[in-house]
Amino acid sequence: MITRTRYNPKEIEEKWQAQWEAEQLYHAPDDSPKPKFYNLVMLPYPSGDLHIGHWYNFAPADAYGRFIRRHGYNVMQPIGFDAFGLPAENAAISRGVQARTWTLANIETMRRQLRRMGAAWDWEREIISCLPDYYKWTEWLFLQFYKHGLAYRTKAPANWCPSCNTTLANEQVLADGACERCGSQVIRKEIDQWLLKITNYAEELLDFSKIEWPEKTVTMQRNWIGRSEGAEIRFYTEINGQREEIPVFTTRPDTIYGVTFFVLAPEHPMVEKITTPEHQAEVDAYVDQARHMTEIERMSTEKEKTGVFTGGYVTNPVSGEQVPVWIADYVLMGYGSGAIMGVPAHDQRDFEFACKFGIPIREVIRPAGEEPSDADTWTEAKVALGVMVNSGPFDGTPAEEAIATVTRYVEEQGIGKFMVSYRLRDWLISRQRYWGSPIPIVYCPTHGTVPVPEDQLPVILPENVAFKPTGESPLRYEPDFVNTTCPICGGPATRETDTLDTFLCSSWYFLRYADPHNEQQAWSQEAMKRWLPVDQYIGGPEHAVLHLMYARFFIKALRDMGYLDFDEPFTRLYHQGMVLGPDGQKMSKSHGNVVAPDEYVEKYSTDAVRCYLMFMGPFDQGGTFRPDNLEGIWRFLNRFWNLVTESWIDNPTGEETGESKAIERLRNKTIKRVTEDLSSFRFNTALAALMECNNALIKQQNEPVARSKAYRDTLETMIELLAPMAPYITEELWHLTGHTGSVHISEWPTYDEALTRDETFTLVVQVNGKVRERIEVAAGTSEGEIRMMALDNPRVASFIGDATVQKVVYVPERLVNIVVRNE
RNA sequence: GGGGCGGUGGCGAAAUGGUAGACGCAGGAGACUUAAAAUCUCCGGGAUGGUGAGUCCGUGAGGGUUCGAUUCCCUCCCGCCCUACCA
């Protein structure tokens, strides 16, 4: 027996939150006999506020996890915090609070917000990457990479942000050369740094055959790795009577006879040797100028080509011709060999360079059927493949064979070889910052670089540090941290004071969720077997090439070290869209259009906000947050609440029956629609189906059928179907209608395919493709009868008139199209 | 420059070869109310029509394939996102 009540979100949300936690309803036990499903969202940074973007990611992901769980899976849906990183440090500098204190306070706030969201998080598995029980294993992982030769230290040009006083990965520098975090202009600087050899895995990372990922993400990773096939050809010169070779990488060895100049990157070691005294000053000035630019600036295509002649010459090993050597910043030290052969006729960049500096342009490739022309009159390079011309013994080699022929030739002559080059570069992981995982390395005057023994991990990050605007890690000024003893000889030694890129922390956190409290190991083999890989990963497309590639690299490297036995971390991946501010612009503080979800949770309810975000439009497309539209969901939830409670009041026992076939059909159709929609992340149409069902039931609320068992069953089914999206209201209604267990562990409703079909259907009759009549026809009527009905229909007949019927197209249960022609 | 996604009522959208606009917002009219809010009922692409049955037009523009195109193909326009001297 229930009494009439109003939908009171605050009351029921708090009640069920407490109840679920007391029951540990969302804990995924390690010993369940059910099949596992690992449903993962990207762990948030603890900024101290769970913003609308988090909601848009997490709420639908949660609905999906809940949906899967109802199909009998042991769903693991963990949450944690990516807690190292710059904002904490900036807060420490600007407000004088400790980074750790600030971070942990933020985590506390976000935990509250995450709970209120009503997602089925398994809090037992929470991880916080800035706490020693987690970063101990991040350090341990670094040591494994080091021991297996995948971590190395070298002097490397680094992107350096003068404002943040830190190095940045290429990926963290914006296209205009600005720092991703603070927007200041990034410069280049050479310092000793640690890198991981992700390039060892370039080839394997190009294999996406074992994962179901969005095509666009696969494409982005493929482009990022940037594999190109070509040849290395060694040009040579003589300096002080010594033969010196300078290799170039080219994808177009067939253009070798078109080489009219040679370019070195300004940082190329040969620059010093090859420059003649009379060009020294000019070259020095240019090199110096290049150093002050970031790689991003240098790569800007907008910029006009610059460069200077070194005075030196090299010999083309194929043609024997001597060409001048220039230096120019459009040649990058980090790609290929840092030197190129200039072929202005057939490469646009070389063409622009040659035009600017008056270097000859020589045509050596001619597309089939094209007439010879004067290269000096060209306005752009001819980059298409073609027959080799002006190429000595190679003249006449057809387009299809040209590249292979020249490659084979240079191999035979021992002056070059076939080569694959990648755009991908090693991953720079050193950060001259305090708030990150320490790098467990000690520098000993006698033994050099010594890894901290594993039994001495973790190297603890000191908690009280002084920040100085020196550009070096504050750790450098912590004598208790810096000064240590050598693990080998026990003599005085110093610690590495750089910390690890936070992308390292997030490259393995999903492994730790499977075994979060293990004090002996980063993870156990049993935990890996039980939970990994991740079945469904949901997060923003902005991580397509950073996090998602680093994580793939980690899994492959750890597999090769023997710590894992699978190849890919995330089997299926889905990218949600972006929520825009009410003005349709990207949300940002400067625009003043940031939406705070808490405000709407307060005004309406958690369920309303969750459902609104899912109803907004397709999940992968995002959309504009329109506060007015929340009204619609709010009304729906209230109307549903009222319908259920009133129905149970009016008909407490539910024993009466009546003509209810139509209701049964509605129930089955709705189950089918919602099930199919949720399976493919179409939350918007799933909710629309539930609204339609609700509207249909409300229409019949005062009719006898409302007292039927079928009507009540349909309402119960609706509670069950809505539960993944609106967990609180459905749980309350589930109990109000007499159930005892949680709706969230009830079995997902099933439907009878036969009952999803109506007894009649509307037959559309077209004449020449235009709708002319609609006829209600009983299901199962034969095709012959239907054709007859259509042709005999008086309205249809009037449109046919005297014309001759050419053809009658019949689409079962849908339409008849009568094709006629006037004589 | 390259790659991707998108363009449908006043607005968010639905329909992926078969009734265009489901569902929802905003709006209008009415009911209830002393009144307002809430709630409920009805209306709603455009043109045309004794504004009645109906007819014609309509999914960014143009063309094509098809009995039939929002959906597939080609050309173009616009918007957003990613990427960018990678030899």
List the atom pairs, with distances to 0.1 Å, where a side-chain N or O of residues 248-262 of chain A and a protein N or O form a donor-acceptor pair under 3.5 Å, not counting sequence neighbours.
unit_1: A:Thr250; atom_1: OG1; unit_2: A:Arg252; atom_2: N; d: 2.9
unit_1: A:Arg252; atom_1: NE; unit_2: A:Asp254; atom_2: OD1; d: 3.0
unit_1: A:Arg252; atom_1: NE; unit_2: A:Asp254; atom_2: OD2; d: 3.4
unit_1: A:Arg252; atom_1: NH1; unit_2: A:Val383; atom_2: O; d: 2.9
unit_1: A:Arg252; atom_1: NH2; unit_2: A:Asp254; atom_2: OD2; d: 3.1
unit_1: A:Thr255; atom_1: OG1; unit_2: A:Arg252; atom_2: O; d: 2.7
unit_1: A:Thr260; atom_1: OG1; unit_2: A:Pro360; atom_2: O; d: 2.9

Side-chain donor-acceptor contacts of residues 684-693 of chain A below 3.5 Å, not counting sequence neighbours, with atom names and distances?
unit_1: A:Thr685; atom_1: OG1; unit_2: A:Asp677; atom_2: OD2; d: 3.0
unit_1: A:Thr685; atom_1: OG1; unit_2: A:Arg682; atom_2: O; d: 3.2
unit_1: A:Glu692; atom_1: OE2; unit_2: A:Arg673; atom_2: NH2; d: 3.1

Between protein and nucleotides 27-33 of chain B, what N or O pairs are separated by less than 3.5 Å?
none

What does the list of N/O pairs under 3.5 Å between the protein and nucleotides 39-41 of chain B look like, with a distance for each?
unit_1: B:C40; atom_1: OP1; unit_2: A:Arg639; atom_2: NH1; d: 3.4

Using a cutoff of under 3.5 Å, can you pull out all pairs of nitrogen or oxygen atoms linking the protein to nucleotides 15-22 of chain B, with atom names and distances?
unit_1: B:U19; atom_1: O2; unit_2: A:Arg774; atom_2: NE; d: 2.6
unit_1: B:U19; atom_1: O2; unit_2: A:Arg774; atom_2: NH2; d: 3.3
unit_1: B:A22; atom_1: O2'; unit_2: A:Glu692; atom_2: OE2; d: 3.1

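Within the nucleic acid shown, A:Phe799 comes within 4.0 Å of sugar-phosphate atoms alone, with no base atom in reach, counting heavy atoms only. Contact annotation for A:Asn695: backbone-only contact, meaning every heavy-atom pair under 4.0 Å involves sugar-phosphate atoms and none involves a base.
Counting to the nearest Å, the C1' atom of B:A14 and the CG atom of A:Asp677 are 11 Å from each other. Note: CG (A:Asp347) to C1' (B:G1) measures 13 Å, nearest angstrom. Rounded to an integer number of Å, the gap from A:Phe636 CZ to B:A38 C1' is 19 Å. Distance, A:Lys216 NZ to B:C81 C1': 8 Å, rounded to whole Å. Protein atom CG of A:Leu721 is 18 Å distant from nucleotide atom P of B:C23, rounded to whole Å. Rounded to whole Å, atom C1' of B:A14 lies 14 Å from atom CG of A:Leu687. If you measure from atom CE of A:Met616 to atom C1' of B:A13, you get 11 Å, rounded to the nearest angstrom. Spacing between atom NZ of A:Lys770 and atom C1' of B:G54 amounts to 14 Å, rounded to whole angstrom units.
Across B:U71 and B:A14, the matching P atoms stand 16 Å from one another, rounded to whole Å. Separation of the C1' atoms belonging to B:C77 and B:U66 is 26 Å when rounded to the nearest angstrom. B:C43 sits 12 Å from B:A22 when the P atoms are compared, rounded to a whole Å. Annotation: B:C11 and B:G27 have their P atoms spaced 15 Å apart (nearest Å). Between B:G7 and B:A15, the two P atoms lie 12 Å apart (nearest whole Å). B:U48 sits 42 Å from B:U33 when the C1' atoms are compared, rounded to a whole Å. Across B:C23 and B:U41, the matching P atoms stand 13 Å from one another, rounded to whole Å. For the P atom pair drawn from B:A36 and B:G30, the interatomic distance equals 12 Å after rounding to whole Å.
Counting heavy atoms of neighbouring residues, nucleotides and ligands inside a 6.0 Å radius, atom CZ of A:Arg814 does not exceed 12 of them.
Contact annotation: A:Ser228 side-chain N/O to B:A87 OP1/OP2 distance is under 4.0 Å. Residue A:Arg795 places at least one side-chain N or O under 4.0 Å from the OP1 or OP2 atom of B:U55.
Place A:Gly623 and A:Asn223 on RNA chain B by their nearest nucleotides, and A:Asn223 ends up nearer the 5' end. Heavy-atom nearest nucleotides on RNA chain B were determined for A:Arg626 and for A:Ile633, and the one closer to the 5' end corresponds to A:Arg626.
A:Lys807 is linked by a side chain to side chain contact (heavy atoms under 4.5 Å, CB included) to A:Val809, A:Val819, counting only residues two or more places apart in sequence or in another chain. Scored by the ring pair (Phe, Tyr, Trp, His ring centres under 6.0 Å) test, A:Phe625 finds A:Tyr600, A:Tyr612 as partners (sequence neighbours excluded). Here A:Lys586 pairs with A:Met578 under the side chain to side chain contact (heavy atoms under 4.5 Å, CB included) rule; sequence neighbours left out. Applying the side chain to side chain contact (heavy atoms under 4.5 Å, CB included) rule to A:Glu245 yields the partners A:Arg234, A:Tyr236, A:Arg243; only residues at least two apart in sequence or on another chain are considered. Remark: A:Phe357 engages A:Trp326, A:Phe353 in a ring pair (Phe, Tyr, Trp, His ring centres under 6.0 Å) (not counting sequence neighbours).
Distance alone, capped at 3.5 Å, places no donor-acceptor pair between the A:Glu759 side chain and the A:Ala779 backbone. Looking at A:Asp607, its side chain does come within 3.5 Å of a backbone N or O of A:Ile729 through a donor-acceptor pair. Looking at A:Asp350, its side chain does come within 3.5 Å of a backbone N or O of A:Val343 through a donor-acceptor pair.
Counting only residues at least two apart or on different chains, no salt bridge (charged side-chain N to carboxylate O under 4.0 Å, His left out) pair has a member in residues 616-629 of chain A.
Residue A:Arg423 places its side chain closer to B:U83 than to any other of B:C82, B:A87, B:U83. Listed candidates were B:A13, B:C82, B:A84. Nearest to the side chain of A:Pro618 is B:A13.
The aromatic rings of A:His543 and A:Phe503 stand perpendicular to each other, their planes meeting at an angle above 60°, with 30° marking the opposite boundary. By the 30° and 60° cut-offs, the orientation of the rings of A:Phe619 relative to A:Phe683 is perpendicular.
Here the closest non-hydrogen pair linking A:His575 and A:Pro214 is CD2-CG, 3.8 Å.
An anti base is found at B:G68: its glycosidic angle is more than 90° from 0.
Residues A:Tyr286 and A:Thr306 are in side-chain contact: their nearest non-hydrogen atoms beyond the backbone lie under 4.5 Å apart.
Stem analysis of RNA chain B (at least three stacked-register Watson-Crick or G-U pairs, each with both distances under 3.5 Å) gives B:1-7 with B:77-83, B:10-12 with B:23-25, B:27-31 with B:39-43, B:45-48 with B:54-57, B:60-64 with B:72-76.
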